[in-house]
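Some notes on the structure that comes next.
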Amino acid sequence: MRQSVKAAVIGAGVAGLVAARELQREGHRVTIFEKSHRLGGSWVYDPRVEDDPLGFDSDREIVHSSVYLSLRTNLPRHIMGFSDYPFRKIGDPRNFPGHEEVVSFLNEFAREFGLIELIRLETEVVRVEAVVDSVWVVESRTSGVSLEEVFEAVVVCNGHHTEPRLANLPGIERWPGKQVHSHNYRIPEPFRDQVVIMIGDGPSAHDISRDIATVAKEVHLSSRSPDVEVSKLNNHNNVWQHSKIDQAYEDGTVSFQDGISIRADVIFHSTGYKYHFPFLRTNGIVSVEDNRVGPLYKHVFPPQLSPQLSFIGIPYRAILFRMMELQSKWIAQVLSGKVHLPSKEEMLADVQQHYQRMEECGIPKHHTHRLHPNEFEYLDWLAAQVGVLPVEERLREIYWQVYQTTSSPTGHTFRDEWVCPTQNGN
Ligand code: FAD
């Protein structure tokens with residue numbers, strides 16, 4: 001017989017919404033806790049930035065979203081929908097729409113599947129703890145009032161683009177300039193007439209550099225790869241591409257491995273984020289070490305606490321919306337007893353094998369949840385668990401084509417020039 005559980009979902013971003021839909025579809029009873037006043041998670045633009053621009057102070061007031069005003073998606077909408085609910089044009093007709101369009105899409109999705117009534121807005125989860133076998137206490141706070149409730153399953157969907165991760169720069173302690181993490185970037189104006197160094201290789205580093213270059217004196221992009229030669233970025237008179245930073249100095253200069261030194265006003269860290277679960281009490285069973293959340297079987301279930309505790313959205317570099325949908329289906333079906341997990345020992349052994357393979361290939365620990373280049377292997381594995389068709393071939397084709405374009409620093413106009421490579425793309 002299929003089992004129905006009382007499930008708590010933490011967060012009403014993409015992960016929390018699709019989790020709630022799949023859990024409900026499988027017959028579970030769902031409550032979504034959302035600390036902000038709106039659904040949509042990271043995609044909801046918040047003009048505020050935090051007081052501590054590098055996020056060192058753990059008592060600072062946290063602003064969840066890292067979205068900047070000019071942000072457009074870095075994947076086309078064709079691969080940002082769900083298997084039976086495509087991301088159609090709502091207000092912004094572009095293939096790579098702005099952040100508001102994603103929020104509109106998520107609102108429509110939530111309305112369509114009756115998720116709005118499951119969400120408790122402005123309700124922050126402050127503690128999640130197993131009391132006895134299969135019974136979890138979720139303590140939440142709404143307008144300063146605490147409430148403890150009991151659930152049979154907790155699905156963690158709190159996102160991982162809020163806690164800054166910083167580059168280690170020799171000499172930075174004595175460097176006198178200003179430092180900011182991209183989490184705290186919204187608009188270019190504060191950087192007017194400044195000389196800015198941007199550390200990072202990802203789409204945000206490139207986007208923010210171009211954004212800032214509209215008002216800054218100079219922007220110097222520093223990439224991790226050692227073989228980058230100093231060069232001006234296409235179509236920009238004031239943006240240079242450099243290799244890695246060598247050293248920062250007390251007199252305000254910064255030297256790059258390409259031999260160039262410049263005096264800069266700002267160092268910008270577009271260097272990623274840390275996983276963070278401040279509410280989770282598991283007696284050390286689940287921990288975060290050097291950005292490895294573990295142990296997690298297939299990035300979802302901690303073997304010793306499964307299936308009552310699970311995580312959605314931990315891996316990155318994939319067609320993320322579809323990945324989160326598949327993870328949600330898997331969790332929902334495991335909780336209902338339709339799909340079975342291996343034994344705890346087998347799951348732990350699988351996790352260890354994953355770590356060992358990483359070590360043998362020289363992959364650093366902080367890349368534990370990076371799927372590339374095996375993103376579709378993972379999605380196919382999930383699809384097989386829940387008995388659905390694998391992600392369509394044409395979406396894979398779009399993904400790889402876009403992946404190659406966005407990895408190129410000269411591809412800044414790709415969003416508007418992009419033509420869908422597949423016949424039925426639109
Ligand atoms: P989030 O969207 O972060 O949602 C988490 C939710 O949990 C939030 O609403 C938060 O308020 C809530 N929450 C957190 N803690 C608590 C708590 N204790 N109690 C209650 N509620 C809580 N992905 C793409 O597919 N395409 C893109 O083009 C793309 N571009 C991106 C650009 C940037 C700059 C960034 C940072 C990310 C981008 N991503 C993109 C990845 C994006 O983050 C994911 O697509 C997706 O939004 C992640 O959803 P999530 O639900 O896991 O997390």
Side-chain angles (χ1 to χ4, degrees), residues 8-20 31-46 62-82 87 94-99 101-103 105-106 109-110 119-128 138-142 154-165 181-186 200 202-208 211 270 272-273 275-280 311-325 327-328 369 375 395 399 402-403 406 415:
V9 171
I10 304 174
V14 182
L17 293 172
V18 72
T31 303
I32 309 175
F33 294 88
E34 172 49 59
K35 70 178 178 184
S36 109
H37 64 288
R38 289 178 70 181
L39 66 81
S42 279
W43 293 100
V44 178
Y45 176 73
D46 186 336
I62 306 276
V63 175
H64 183 79
S65 179
S66 302
V67 156
Y68 33 94
L69 191 60
S70 66
L71 181 132
R72 290 170 67 184
T73 61
N74 46 52
L75 298 178
R77 62 169 74 238
H78 310 61
I79 53 174
M80 284 184 64
F82 300 109
F87 185 0
R94 296 173 297 181
N95 287 326
F96 294 76
H99 45 87
E101 179 83 351
V102 186
V103 176
F105 167 68
L106 293 174
F109 176 77
I119 307 175
R120 287 192 207 157
L121 293 174
E122 295 183 82
T123 304
E124 178 172 7
V125 170
V126 292
R127 183 170 58 101
V128 169
V138 173
E139 183 184 347
S140 60
R141 232 169 256 163
T142 318
V154 176
V155 186
V156 178
C157 304
N158 67 325
H160 52 86
H161 291 105
T162 298
E163 281 290 311
R165 200 164 173 271
H181 187 276
S182 52
H183 172 60
N184 288 307
Y185 175 70
R186 298 294 179 270
S204 292
H206 289 280
D207 282 350
I208 297 174
D211 216 13
S270 194
Y273 294 90
Y275 296 96
H276 191 50
F277 309 100
F279 46 83
L280 205 55
F311 294 77
I312 297 183
I314 299 286
Y316 54 95
R317 287 286 165 103
I319 300 188
L320 292 177
F321 284 35
R322 294 294 290 273
M323 176 194 81
M324 295 191 245
E325 180 185 358
Q327 290 179 324
S328 302
H369 305 293
E375 36 274 74
L395 301 195
Y399 175 79
V402 171
Y403 185 89
T406 50
R415 290 184 174 92

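The residues of the chain are indexed from 1 along the displayed sequence. Just so it is clear, the model here is predicted, and its values are computed rather than measured. In listed order, ligands and their atoms are each counted from 1.
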(message) Could you check whether any side-chain N or O of Arg415 sits under 3.5 Å from a backbone N or O of Thr73, counting only pairs where one atom can act as donor and the other as acceptor?
(response) yes
(message) Please check this pair: side chain of Asn158 against backbone of His276, looking for a donor-acceptor N/O pair closer than 3.5 Å.
(response) yes
Heavy atom of [X], distance to ligand 1 below 4.0 Å:
X: Val67; value: no
X: Ile319; value: no
X: Gly159; value: yes

Provide the number and element of each atom of ligand 1 under 4.0 Å from a heavy atom of [X].
X: Phe279; value: 18 (N)
X: Phe33; value: 20 (C), 21 (N)
X: Ser204; value: 34 (C)
X: Gly13; value: 4 (O), 6 (C), 51 (O)
X: Cys157; value: 5 (C), 6 (C), 7 (O)
X: Thr123; value: 20 (C)
X: Phe321; value: 25 (O), 45 (O)

Of all the non-hydrogen atoms in the protein, which one sits nearest to [atom], and at what distance?
atom: atom 7 (O) of ligand 1; value: Gly11 CA, 3.2 Å
atom: atom 15 (N) of ligand 1; value: Asn158 CB, 3.6 Å
atom: atom 18 (N) of ligand 1; value: Val125 O, 3.0 Å
atom: atom 48 (C) of ligand 1; value: Met324 CE, 3.9 Å
atom: atom 3 (O) of ligand 1; value: His64 NE2, 2.7 Å
atom: atom 24 (C) of ligand 1; value: Met80 CE, 3.9 Å

(message) For Arg141, is the CZ atom crowded, meaning more than 12 foreign heavy atoms sit under 6.0 Å from it?
(response) no
If you measure every N or O of [X] against every N or O of ligand 1, does any of those distances drop under 3.5 Å?
X: Gly313; result: no
X: His161; result: yes
X: Ile10; result: no
X: Ala15; result: yes
X: Thr73; result: no

(request) Taking the side chain as every heavy atom from C-beta outward, state whether Ile312 and Ser328 have any atom pair closer than 4.5 Å. (result) yes
Answer side chain, backbone, both or neither: which part of [X] comes under 4.0 Å from ligand 1, heavy atoms only.
X: Glu34; result: both
X: Ser42; result: both
X: Ser65; result: neither
X: Lys35; result: both
X: His160; result: neither
X: Trp43; result: side chain

To the nearest 0.5 Å, what is the distance between [atom1] ([X]) and [atom2] ([Y])?
X: Ile314; Y: Met324; atom1: CD1; atom2: CE; value: 10.5 Å
X: Glu124; Y: Thr142; atom1: CD; atom2: OG1; value: 10.0 Å
X: Arg186; Y: Ser65; atom1: CZ; atom2: OG; value: 6.0 Å
X: Ser140; Y: Arg127; atom1: OG; atom2: CZ; value: 10.5 Å
X: Thr123; Y: Ile10; atom1: OG1; atom2: CD1; value: 12.0 Å

(request) Identify which of Ile208, Val126, Leu71 has a heavy atom lying nearest to atom 34 (C) of ligand 1. (result) Leu71
(message) I'd like the name of whichever of Val102, Val138, Asn74 reaches closest to atom 30 (N) of ligand 1 through any heavy atom.
(response) Asn74
(request) Give the ring-plane orientation class for Phe321 versus Trp43, where under 30° counts as parallel, over 60° as perpendicular and anything between as tilted. (result) perpendicular
(request) Could you check whether the rings of Tyr275 and Phe277 sit parallel, tilted or perpendicular, using 30° and 60° as the cut-offs? (result) parallel
(request) May I ask you to say whether Arg94 pairs ionically with Glu101, meaning some side-chain N is under 4.0 Å from a carboxylate O? (result) no
(request) Please name the residue in the list Arg322, Glu375, His78 that meets the side chain to side chain donor-acceptor pair (under 3.5 Å) test with Tyr399. (result) Glu375
(message) Distance to the ring centre below 6.0 angstrom and angle to the axis at most 45 degrees; does that hold for Arg77 and Phe87?
(response) yes
(message) Quick check on ring pair (Phe, Tyr, Trp, His ring centres under 6.0 Å): which of Tyr68, Phe105, Tyr45 does His99 satisfy it with?
(response) Tyr45
(message) If we check ring pair (Phe, Tyr, Trp, His ring centres under 6.0 Å) with Tyr273, which of these qualifies: His369, His64, His181?
(response) His181
(request) Assess whether side chain to side chain donor-acceptor pair (under 3.5 Å) is satisfied between Ser204 and Tyr185, documenting all intermediate values. (result) CA-CA 10 Å; Ser204 292; Tyr185 175 70; over 6 Å; no
